Amino acid sequence: MTVSEFWSSLEAVYGSCYGRSLVGDLFLPKLGGTAEQALKQGIAPDKIWDELIRETDMGEEARWIHRQESLRANR
């Protein structure tokens, strides 16, 4: 997952406002901070995405949305 895929997936799954709020406010215990902090520290976007999905109980469909979008774009 690239950083741009992270932001696109965030908007697709959570919506623009709520998604940005989660990134800045939700503490992700396994990463020791928020998604925003993790991105700034250089943690891989896919690892951050996995933790965000896990902490918000969004499920497997949401976890792989960036792959689904890529497949549609390549058809």
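Because only heavy atoms are used, hydrogens play no part in the values below, and waters and symmetry mates are left out as well, while side chains stay in. No experiment lies behind these values; they were computed from the predicted model shown. In this chain, residues are counted from 1 in sequence order.
Closest approach of L28 to A35, counting heavy atoms only: CD1-N, 3.8 Å. In this structure, E36 and G24 approach most closely via the heavy-atom pair OE1-CA, 3.6 Å.
Annotation: F27, atom CZ; neighbour count of heavy atoms from other residues, nucleotides and ligands within 6.0 Å is above 12. Shown here is E60, whose CD atom has more than 12 heavy atoms of other residues, nucleotides or ligands within 6.0 Å.
Applying the side chain to side chain donor-acceptor pair (under 3.5 Å) test to D25 and every residue at least two apart in sequence or in another chain returns S21. Legend: residues meeting side chain to side chain donor-acceptor pair (under 3.5 Å) with T56, ordered by chain and number and at least two apart, are Y14. With sequence neighbours excluded, the residues that form a salt bridge (charged side-chain N to carboxylate O under 4.0 Å, His left out) with D50 are R63. Checked against side chain to side chain donor-acceptor pair (under 3.5 Å), R54 has the following partners two or more places apart in sequence or in another chain: E51. The side-chain contact (heavy atoms from CB on, under 4.5 Å) check on Q37 picks up T34, with sequence neighbours excluded.
Contact annotation: the side chain of K47 approaches that of L31 to within less than 4.5 Å [non-hydrogen atoms, C-beta and beyond]. Annotation: side chain of W7 is in contact with side chain of R20 (closest heavy-atom distance under 4.5 Å). The closest side-chain heavy-atom distance from L52 to V13 is not below 4.5 Å.
Rounding to the nearest 0.5 Å places CG of D46 at 7.0 Å from NE2 of H66. Once rounded to the nearest 0.5 Å, the distance linking CG of L10 with CD1 of I53 reads 8.5 Å.
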